[in-house]
Amino acid sequence: MKEFGCFPDNVTYNTILGFFCKKGRLKEAGNLLQDMKEKGLMPNRYTFNILVSGYCKVGWLKEARKVIDLMVQNDVLPDIWTYNMLINGLCGEGRIEEAVKLKDEMENSKVLPDVVTYNTLIDGYFKHGSSEEGFRLVEEMREKGMELNSVTNNILVKWYCKEGKMDEASERVRMMEESGFPPDKVTYNTLINGYCKAGKLREAFEMMDLMGRKGFKMDTITLNTILHTLCKEKKLKEASELLSSASNRGYLLDEVSYGTLLAGYFKDGMADKALQLWSEMRKKEIIPSIITYNTIIGGLCQLGKTEQAISKFKELLRNGLVPDATTYNTIIHVYCKEGKVEKAFELHNKMVEKSLKPDVFTCNILLSGLCSDGMLEKALKLFNTWISEGKAIDQVTYNTMISGLCKEGRLEDAFHLVSEMKERSLGSDHYTYSSILGALASAGRMNEAEEFMSKMVEVENFREQSLQLKEQNVKTSEITEAYDPDSNVCSEQIIELCNQGRYKDAMRIFEASNQKGVTLNKSTYIVLMEGLIKRRKRLSKAVQ
DNA sequence: CTAGGGTTAG
């Protein structure tokens with residue numbers, strides 16, 4: 001009896017443990033493990049592996065390694081699952097080199113890498129920008145006589161989609177049809193998402209049709225893809241209708257479905273709808289993941305409801321969820337916005353304490369916080385430390401520093417960063433332009449402003465950018481941007497003056513708005529810059 | 001108990 005009672009208990013525990021780990025609810029997982037030990041049940045290979053997977057999922061790799069040590073102590077050797085999960089964890093952190101090293105280590109031990117190992121690494125390389133290495137591993141698989149399975153192919157399809165190479169993606173799918181691994185549900189969902197992201201909605205719907213004809217029923221992920229696309233197109237009403245009709249027609253909705261619409265509402269300034277949806281979701285007992293919590297916290301922060309945001313943060317901790325980098329970044333951001341830079345840094349330290357690595361976002365937020373709080377020197381120091389430590393920085397990092405320097409009138413330093421940016425092949429954009437332009441205008445150096453513009457335009461693909469922004473502007477202008485009246489009035493005036501060819505006057509308004517610290521619409525900068533270029537051409541013609 | 005599709009932040 002005892003023996004019989006014991007065995008199913010262990011399995012039961014493992015199953016529930018797996019459920020909690022999958023959902024990122026580590027606190028509950030920990031409690032359960034404790035409970036298990038108290039009942040005198042020994043963790044087995046499954047138990048250990050479940051824990052490794054749980055820790056890897058939330059990025060606690062050190063803890064995952066500790067579990068592995070514990071395994072060895074208990075005479076349970078790590079198996080192919082353990083290795084693959086750890087490799088996946090490393091890839092998720094962008095630590096591909098270490099992951100590959102682990103694969104080599106496996107080869108030396110008796111656990112040989114399998115197709116899962118390769119797929120994990122290939123996807124890791126694709127996700128972190130080294131597609132050549134990814135393809136090299138595909139070659140290595142072939143050399144070893146390993147067959148590419150549908151997961152491998154789906155990884156490739158996804159990569160082509162991400163690169164916007166939809167023709168090559170379809171070609172890959174055609175190859176799959178001839179192989180032993182025909183396209184599956186994931187393949188179709190990947191393609192549908194690819195077409196949606198590329199703005200080719202007609203093709204996306206054709207693909208949904210094809211998916212159905214191939215006998216695959218639309219699932220939650222297909223629905224969520226469409227929901228996301230509708231939200232992106234600002235068709236919130238349609239999205240909301242889809243959500244309720246899908247639910248009525250028996251489709252399963254999950255926390256991602258709700259999270260998607262929630263984010264859509266917040267982005268579109270419909271905060272009350274968002275909050276309403278949140279309580280609707282809670283009523284349906286759909287448990288939000290860390291990402292959904294991030295959405296609501298971000299939304300509340302945007303509304304200036306910091307207290308409520310913090311209370312949601314505490315709530316997620318109580319629910320046993322593990323905050324991720326985004327969670328910390330969001331709260332660090334709101335502290336910076338409120339001028340509580342010290343509190344922001346405290347949280348940054350907490351982040352490090354929890355072995356979460358501050359990323360580009362964290363850096364950018366802190367830099368902008370320091371700059372707008374009049375601590376430019378500190379910002380510069382942080383910026384330089386970040387660079388000397390070889391950490392990743394991006395366009396936004398440079399733009400933040402350039403803007404900070406420009407606001408203090410340190411134009412020469414700003415110019416220096418603009419060229420440094422180019423050296424790192426990070427392109428300038430309208431943020432860069434507007435900072436420099438604004439500083440030059442404030443200093444009354446109009447001629448240089450124009451000169452700077454035409455110089456930039458020669459190098460960057462400015463025209464394309466401006467076309468893109470104009471397109472975006474058509475969409476956003478359909479919805480009233482009511483949140484900043486100052487910004488709208490100034491923007492309209494500037495655009496109107498530019499249309500009349502009165503660029504000098506436009507610059508004057510620009511200068512004034514700049515001094516007041518008013519942020520203009522993206523498109524205003526573009527219109528103004530184009531105007532300045534036209535004027536410059538006109539002047540140079542006149543001289544000739 | 002591991003790999004591939006959908007959600008978040010500057």
Side-chain angles (χ1 to χ4, degrees), chain A residues 14-15 17-19 21-22 44-54 56-57 79-89 91 114-124 126-127 149-159 161 184-194 196-197 219-229 231 254-264 266-267 288-299 301-302 324-334 336-337 359-369 394-397 399-400 431:
Chain A
N14 283 342
T15 312
L17 205 60
F19 173 79
C21 284
K22 209 173 241 159
N44 58 16
R45 183 188 297 279
Y46 287 97
T47 324
F48 285 124
N49 278 341
I50 291 165
L51 288 172
V52 171
S53 117
C56 284
K57 277 217 171 76
D79 59 2
I80 182 83
W81 299 77
T82 326
Y83 275 110
N84 284 342
M85 288 183 297
L86 198 56
I87 285 177
N88 189 36
C91 286
D114 64 358
V115 63
V116 176
T117 321
Y118 274 95
N119 286 344
T120 309
L121 286 169
I122 292 167
D123 192 47
F126 281 151
K127 268 187 193 142
N149 66 10
S150 40
V151 176
T152 328
N153 278 305
N154 287 336
I155 291 168
L156 289 169
V157 171
K158 191 194 178 184
W159 186 75
C161 286
D184 58 13
K185 212 173 224 188
V186 177
T187 323
Y188 287 109
N189 278 333
T190 309
L191 280 172
I192 291 168
N193 188 42
C196 282
K197 290 257 157 77
D219 64 4
T220 312
I221 293 193
T222 327
L223 259 169
N224 290 345
T225 306
I226 305 295
L227 269 175
H228 185 233
T229 309
C231 288
D254 62 5
E255 131 273 345
V256 178
S257 325
Y258 281 90
T260 305
L261 190 55
L262 197 73
F266 274 127
K267 274 205 186 113
S289 71
I290 186 64
I291 296 184
T292 316
Y293 265 106
N294 288 343
T295 309
I296 188 112
I297 290 173
C301 286
Q302 244 176 23
D324 62 7
T326 307
T327 326
Y328 281 104
N329 286 343
T330 308
I331 297 183
I332 291 175
H333 186 215
V334 74
C336 281
K337 253 192 350 206
D359 55 11
V360 203
F361 286 96
T362 326
C363 174
N364 294 345
I365 296 163
L366 288 173
L367 286 179
S368 110
D394 63 5
Q395 194 185 40
V396 181
T397 323
N399 282 342
T400 309
Y431 287 108

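No hydrogens, no waters, no symmetry mates; every other heavy atom, side chains included, goes into these values.
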Using a cut-off of 4.0 Å on non-hydrogen atoms, how would the nucleic acid contact of [X] be classed: base, sugar-phosphate, or nothing?
| X | answer |
| --- | --- |
| A/I155 | sugar-phosphate |
| A/T120 | sugar-phosphate |
| A/D79 | nothing |
| A/D254 | base |
| A/D123 | sugar-phosphate |

**Study point:** Minimum heavy-atom distance between A/K185 and A/D219, given as atom pair plus value
**Key:**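 Looking at all heavy atoms of both residues, the closest pair is CD-OD2, 3.4 Å.
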[X] side chain, from C-beta outward: closest of [options]:
| X | options | result |
| --- | --- | --- |
| A/T295 | B/dG10, B/dT8, B/dT7 | B/dT8 |
| A/D324 | B/dT8, B/dT2, B/dT7 | B/dT8 |
| A/T260 | B/dA9, B/dT8, B/dT7 | B/dT7 |
| A/I365 | B/dT7, B/dA3, B/dG10 | B/dG10 |
| A/V396 | B/dT8, B/dC1, B/dG10 | B/dG10 |
| A/V116 | B/dA9, B/dT2, B/dC1 | B/dT2 |

Practice item. Report yes if a donor N or O on one partner sits less than 3.5 Å from an acceptor N or O on the other, where the partners are the side chain of A/N149 and the base of B/dA3; otherwise report no. Key: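 Under the 3.5 Å cut-off, the side chain and the base do form a donor-acceptor pair.
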Please determine if a side-chain N or O atom of [X] lies less than 4.0 Å away from the OP1 or OP2 oxygen of [N].
| X | N | value |
| --- | --- | --- |
| A/K197 | B/dT7 | yes |
| A/K267 | B/dT8 | yes |
| A/H333 | B/dA9 | no |
| A/N88 | B/dA3 | yes |

Exercise for review: Give, for atom CZ of A/F361 and atom OG1 of A/T397, the distance between the pair rounded to the nearest 0.5 Å.
Suggested key: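 If we round to the nearest 0.5 Å, A/F361:CZ and A/T397:OG1 are 10.0 Å apart.
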Practice item. Drop me the distance from A/I155's CD1 to A/N149's CG, to the nearest 0.5 angstrom. Key: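 The CG atom of A/N149 is 8.0 Å from CD1 of A/I155, to the nearest 0.5 Å.
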Whole-Å distance separating the [atom1] atom of [X] from the [atom2] atom of [N]:
| X | N | atom1 | atom2 | result |
| --- | --- | --- | --- | --- |
| A/K57 | B/dT2 | NZ | C1' | 8 Å |
| A/D184 | B/dA3 | CG | C1' | 13 Å |
| A/I290 | B/dA9 | CD1 | C1' | 12 Å |
| A/L366 | B/dA9 | CG | C1' | 13 Å |
| A/L121 | B/dA3 | CG | C1' | 10 Å |
| A/K185 | B/dA3 | NZ | C1' | 19 Å |
| A/D114 | B/dC1 | CG | P | 16 Å |
| A/L262 | B/dT8 | CG | C1' | 10 Å |

Check your understanding: Is there aromatic stacking of A/Y46 against B/dC1, centre distance under 5.5 Å, plane angle under 30°?
Key -> no
Check your understanding: So, A/S150 and A/N153: side-chain donor and acceptor under 3.5 Å apart, yes or no?
Key -> no
Review point. Under the 3.5 angstrom rule, does the side chain of A/N193 hit a backbone N or O of A/C196 as a donor-acceptor pair?
Key: no
Review point. Hey, are the side chains of A/V157 and A/V186 touching, using non-hydrogen atoms and a 4.5 Å cut-off?
Key: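 Side-chain contact under 4.5 Å: no.
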